[in-house]
Amino acid sequence: MSSEELGNVVVKGMEEKKAEDIAIMDLRKVKGAVSDFFIICSGNSNTQIESIAESIEKEVHEASKESPWRKEGFTNREWVLIDYVNVVAHVFNKEKRSHYALEDLWGDAVITQVTQNA
């Protein structure tokens with residue numbers, strides 16, 4: 001599965017649990033980037049953040065049988081990171097997302113906002 005296809009599956013997992021403000025950051029042309037894509041979203045509560053993260057893992061496993069190389073943040077559920085090496089999913093609460101501002105930090109990335117159906 002290509003990193004683009006994997007990214008689309010991650011987005012699907014986010015959408016399944018009504019994640020907000022989904023952004024796809026294409027890092028492939030950014031010098032020193034650690035991954036091809038960062039996929040970022042926000043959740044409204046610790047429970048929703050955990051649910052989104054679990055949905056991402058479920059969708060990816062069903063589509064590709066891949067398991068994350070690494071995952072962090074399930075204890076505090078303020079910023080859950082699920083690392084599939086070429087694609088890294090970030091599920092934030094809104095305050096932490098604003099504080100860390102990954103979209104600004106990786107400003108050279110091509111950022112695509114995912115339009116969500118209401």
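The model shown is predicted, which means the values in this text are computed figures rather than measured ones. These values consider heavy atoms only, across backbone and side chains, with no hydrogens, waters or symmetry-generated copies.
- Clustering ILVMFWY residues whenever any of their side-chain heavy atoms sit less than 4.5 angstrom apart, transitively, puts L81 in a cluster other than the one holding I56.
- No continuous path of ILVMFWY side-chain contacts below 4.5 Å connects V91 to L102, so the two sit in separate hydrophobic clusters.
- Between V110 and K29, every side-chain heavy-atom pair lies at or beyond the 4.5 Å cut-off.
- A continuous path of ILVMFWY side-chain contacts below 4.5 Å connects I24 to V80, so both sit in one hydrophobic cluster.
- Side-chain contact between I52 and C41 is present, with at least one heavy-atom pair separated by less than 4.5 Å.
- Two residues are said to be in side-chain contact when any heavy atoms from C-beta on lie closer than 4.5 Å; K94 and S98 fail this criterion.
- Under the 4.5 Å side-chain criterion, counting only non-hydrogen atoms from C-beta, Y84 is not in contact with I39.
- Judged purely by distance below 3.5 Å, without hydrogens or angles, the side chains of D36 and S3 pair a donor atom with an acceptor atom.
- Summarising the geometry, atom CD1 belonging to I49 is positioned 9.5 Å from atom CZ belonging to F92; distances are rounded to the nearest 0.5 Å.
- Between D26 and T112 there is no side-chain heavy-atom pair separated by less than 4.5 Å.
- Taken together through direct or relayed side-chain contacts under 4.5 Å among Ile, Leu, Val, Met, Phe, Trp and Tyr, V9 and M25 form parts of separate hydrophobic clusters.
- Distance check: S67 OG to E57 CD gives 7.5 Å after rounding to the nearest 0.5 Å.
- A donor-acceptor contact shorter than 3.5 Å links the side chain of S64 to the backbone of V60.
- What you find for A53 and I82 is that their closest heavy atoms are O-CD1, 3.5 Å.
- Minimum interatomic distance between A63 and M1 (heavy atoms only, all atoms of both residues): O-CE, 3.8 Å.
- W79 and V88 fall within a single hydrophobic cluster, where Ile, Leu, Val, Met, Phe, Trp and Tyr side chains are chained together by heavy-atom contacts under 4.5 Å.
- For E62 and K58, the salt-bridge test passes: some basic side-chain N is under 4.0 Å from an acidic carboxylate O.
- The aromatic rings of F38 and W106 stand perpendicular to each other, their planes meeting at an angle above 60°, with 30° marking the opposite boundary.
- Between the side chain of S35 and the backbone N or O of N86, at least one donor-acceptor pair lies under 3.5 Å.
- Atoms CE and NE2, on M14 and H90 in that order, are 8.5 Å from each other to the nearest 0.5 Å.
- Under the 4.5 Å side-chain criterion, counting only non-hydrogen atoms from C-beta, R28 is in contact with F37.
- Separating the CD1 atom in I40 from the CD1 atom in I111 is a distance of 7.0 Å, to the nearest 0.5 Å.
- Rounded to the nearest 0.5 Å, atoms OG (S55) and CD (E16) are 5.5 Å apart.
- Between V10 and E59 there is no side-chain heavy-atom pair separated by less than 4.5 Å.
- Side-chain contact check for Q48 versus K18: some heavy-atom pair is nearer than 4.5 Å.
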